[in-house]
Amino acid sequence: MSALMRGMEVGMVRNGIDTLTGNIQIHHPLYRQDPVLEYDIADMEKVREALLQVLPPRAAWSERLRVSTVVSNARHSGGVILVAVEPEAEKIVSFIGRAVKEGRYLAPADKGILVGEALLKKFETSLGKRLILTASRADGEIVSRSFPIIGVYDAEMESVEKQFAFVSLSAGQKFLGESISEVAVSLPGRDISGLQEKEIATRLRQELPDVEVATWPELLPMLAGYLEISDGFLYVYFLVVFVAMGFGIVNTTLMAVYERIREFGLLAALGMKPWQIIVSVLTESALVLLIGIGIGSLIGVASVLPLANGGINLTELAAGTEMASMPRIIYPMLVYKDVVIANLLIIVLGLLVSFYPAWKAARFRPVEALAHV
Amino acid sequence: MRNGNILFVVIVAGILFSSVDTHALDGYDIVQRTFHQLRGKASVSSLDMTIHRPAWQRTVSMKAWTRGEKESLIRITAPARDEGNATLKRGREMWIYNPKVNRIIKLPPSMMSQAWMGSDFSNNDLAKTDSVLHDYEHTLEEVTEQDGHKVFTVASVPKPEAPVVWGMIKLRIRDDDVLLAEEFYDEDMELVKAMTCSDIGQVDGQLFPFSWKMAKAGAVDEYTLIEYQEISFKETLPSSIFSKALLRK
Amino acid sequence: MRSEIIMAWRNMWRNPRRSGLTMAAIAFACLLLVFMLSFQFGGYETMINASVKVNSGHLQVQAKGYQDNHEMRLVVDDPRQVAGLLSQINGINSFSFRAESFSLASSGRRTYGVAVIGIEPEKEKAMSTISDVVRQGVYLAGKDRGFALIGSLLAKNLKIGVGDEVTLLGQGRDGSVAATVSVVKGIFRTGIDELDRNTVQIPLADFQEVYAMDQAVHQVICLADRLSEVKDIAGTLRQSMAESGEEGLVVLDWTQLLPGLVQSIQMDLVSGLIMYLVLVLVVAFSILNTFLMAVFERTREFGLLMALGSTPGRLVRLLLLESMGLTVLGTVFGTLLGVLITLYFQSHGIEFPGAEEMLNQYGLSGRLYPSLSLLSCFAGPLLVLLVTFVSALYPALKVRKLKPVEAMG
């Protein structure tokens, strides 16, 4: 269960990061407020140098030209954000390299356009046909360019499919001018704590005072906020289930103790101290707990693993997931911390509630206990 | 075999050329001549535009100035409520002036494909009139007879990489360079909308259709009709007419 | 049968500690289920109410076909007649008129396509969250003319602030050119980018004049007192509209206005149900265990009873009665407690320290209120009852296999 929730969380974050956010982004200081072509990154060489210097191995970055354009064909017209990317670098940084469903991915210097499936449907068009993109250049001149549709991608969220269209950086720059508006950095690992990002961002900021460096929690504050709440909720839920379980454990142990009244009476009569009895009962329930936890965790892990690969498909509720900006397919995810916390909680709680029967057992008077039928 | 083929082509070409005499039958030439005659070097006109819908109709009168392919100014003269509203087009850019708020607004790219003043003409239809000429390859498809005139059907297909939305435009042009119809097809070659011209008359020594009707394919009883009241062709017009300063006038 | 009941009752209290704990476990589960379900439903209600308050309202009266393409000419011609009908229906909290048009908004330097909405400020204040999320400047006042509220992203894009002018240019209902210049009075941020990016609100009177609407509007939006009454109100309204000959108008409720919201609730409900199922299973396990041990403990007793001539069937009945007694008592107790707690929080609300900031962004208070309903009150306990009964069957049936001699040995 916690794996499911975690999966959802990580899914949402990865989804957020993957959907072009990246772990860290670099922009002109004003670009995020006002994403127009004028606000491009002035000194790309410097940025590249700093990235080479600061980024850990296996990290990657992608340079993009990103601007809102109007896309139209014979029957439809609408706004779309054009993202011109270096096809090879982008593959590593965002989902788009993996998302092509029909047709092909962009080649370097490709003249075609990659659009989302939802956009394709909305525009009643198909692979091989053209889309006309219109935008203002940095100097205000309105330009149009025709792009053949070479590929169709499938995103987790329909809104993404409708919102973004991809072309090669070379085609984008021919269309709109030689500039880079955004650098997205992808860091290795699936950690969602945001600590790694913070550290690297700090170092990048020192190197690059003229640009804005932002980490994903800064870029997606809503998501970060949601995670906090969701974390809290998860722990409350754990607690509730454990309390319910606690009742069961008390009851069982208590009965186990009563069943063995004679035995405890005998032990007491033989001179065993009450605390020794308590310890022995507690040890017993600790053992039972450990075995239970072992089996339970195994089953839990075993049940999560196949799902983690296949994912839980919520496609039917796509419109709903969309509103919550959740991925359509949830991959349950085991977080080491969760398993440990859950198990520790069970042991502590189990022992705590076993204390009551143990204490009872210790208080049996030998004579009465032995007389008990 | 190879020689035979070439021979065949030559024969067919010969038949075609001999059957139609007057002008050289190059699609581009026909279209170019037609659009030149339609627009002239410069023109001043007054016209009524009627937007017709099943339960509703509205007519606006305006005055228009054009110069070459790229510049035009249209000013509304009636009804009184809209008088003074003006649209200036220079190249790919369009500005709108409204006298009530006394402001000039430049149309953002996102609005270019929207309907112009609620009609069946889009802003692009106005702003990209020269596009037919330059962005397409023209092929003469068919020659028919109508009312003693030959009528050419020219299929215009966009040049590769030309930034145009249509899959094809079909033009029907009379042998005296009068445009009779312009049909817009999507990339599946399905008709999207069609314009027909009629009321052909003589102005300043050339022919001109005084009535233009644009209708979306499949829409019943919905069209936009432009009727020219008068038009006169000039050699040129002063540049100052097509300036933002005069937009306010 | 009577004797069995008496016996079961006595057996139950022979080991009060065990029975007590079992009942407590059951009661705890019921309590939680009642509370959590109520809380969840309350959460949905908050969510729905919040969403409808941002823009749609619980109900809308529109011209037929308007919802699909928001065409300017599809109007509610005489909104006052609709208002007359609305005021005769009980359960309607408030209603208000709106008109909407797609237009250009220009600041001189920049121009964007936006939705211009004409509103009645005084009435909207009570109905729409926009008034709570004005971040700069102030909300429109009742008699305001020539002022506008704009979304924060739009303000950014147009590069204008409070006190600046925004030019609106569109098309009137009659096809005429509609243009006006409004002074920005307030800038709102709902947190929903789409609204913040492309909404301009102006007084309805301005809208009607500029867009040649006369007295017509596009939407009559209503808020109901209670979400649960929306369907009934919609039905009543449809009927009274049909009776008064209002043709060409339709009544849409929030499920039609916001289909995405319905789906997201369904999805949350599914994940919620999984959690409750787990909870019930945990409880069932502990009950199963208790019952099972109780049977083993009393093996001798059952052996004796059988030796004395009790049929296994009778023993099964006895045991089931015992467990049912426990369960029913636990359920009743738990449900009662759950209802009491829920009722308490229903009137006082629950504060979410972490969520406050996020909720505030949407113009919600940091408090959430559970909402007790028949469903939330009985669904959980009934499930517990069912599951525990099933889990009690197993030990009870096990008794039948007992052989008297061995059992007593």
Side-chain angles (χ1 to χ4, degrees), chain B residues 48-62 74-88 93-123 216 219 222-225 244 247-248, chain C residues 63-65 69-75 77 101-116 145-146 148 154 157-160 164-183 197-198 200 202 206 208-214 216 247-248:
Chain B
D48 291 340
M49 180 172 82
T50 303
I51 300 167
H52 181 88
R53 295 290 178 264
W56 181 84
Q57 173 168 319
R58 170 181 153 83
T59 301
V60 186
S61 304
M62 37 198 145
I74 299 171
R75 189 183 301 282
I76 296 179
T77 51
R81 192 184 154 96
D82 289 344
E83 195 186 340
N85 275 284
T87 307
L88 171 67
E93 295 174 304
M94 279 178 87
W95 292 266
I96 294 177
Y97 168 72
N98 179 275
K100 192 183 138 208
V101 297
N102 194 23
R103 292 271 199 301
I104 293 172
I105 292 177
K106 186 182 171 187
L107 270 192
S110 59
M111 300 301 293
M112 295 302 282
S113 51
Q114 302 283 332
W116 179 64
M117 295 184 54
S119 71
D120 292 301
F121 292 90
S122 72
N123 288 317
K216 286 208 173 67
E222 279 187 29
Y223 59 87
T224 300
L225 180 66
K244 279 194 264 179
L247 194 54
R248 290 176 193 267
Chain C
K64 216 173 263 168
N69 55 12
H70 281 223
E71 194 170 331
M72 191 79 189
R73 275 191 299 276
L74 299 172
V75 294
D77 249 320
S101 157
F102 183 78
S103 301
L104 289 175
S106 172
S107 60
R109 274 184 295 180
R110 294 199 172 175
T111 305
Y112 290 92
V114 298
V116 175
R145 295 297 294 267
L154 182 64
N157 287 341
L158 289 172
K159 299 191 166 180
I160 53 174
D164 290 341
E165 285 183 343
V166 58
T167 307
L168 303 174
L169 185 64
Q171 200 173 23
R173 180 189 172 199
D174 59 357
S176 63
V177 179
T180 185
V181 175
S182 298
V183 175
R197 186 174 6 246
N198 72 4
V200 175
I202 60 173
D206 278 357
Q208 287 172 331
E209 187 190 313
V210 171
Y211 289 88
M213 295 286 287
D214 292 329
E247 299 225 341

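Chain letters run A, B, ... following the sequence lines, proteins first and then strands; every chain starts at 1. Since the structure is predicted, the reported quantities are computational estimates derived from the model, not experimental observations.
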message: Less than 4.5 Å to any heavy atom of chain B: does that hold for the side chain of C/Arg110, its backbone, both, or neither?
response: neither
task: Kindly indicate whether the side chain of C/Leu169, heavy atoms from C-beta on, has any atom under 4.5 Å from the side chain of B/Val101.
output: no
- prompt: Under a 4.5 Å heavy-atom cut-off, does chain C meet the side chain of B/Lys100, its backbone, both or neither?
  reply: side chain
- line: Minimal heavy-atom distance between C/Ser176 and B/Arg58, with the atoms involved, is CA-NH2, 3.1 Å
Straight-line distance of B/Arg53 CZ to C/Arg73 CZ, nearest 0.5 Å: 6.5 Å
For the student: nearest non-hydrogen atoms of C/Glu209 and B/Arg81, plus distance: O-NH2, 3.5 Å
statement: Rounding to 0.5 Å, atoms CG (B/Asn98) and OG1 (C/Thr167) come to a distance of 9.0 Å
message: I need the B/Lys106 NZ to C/Leu104 CG distance, nearest 0.5 Å.
response: 13.0 Å
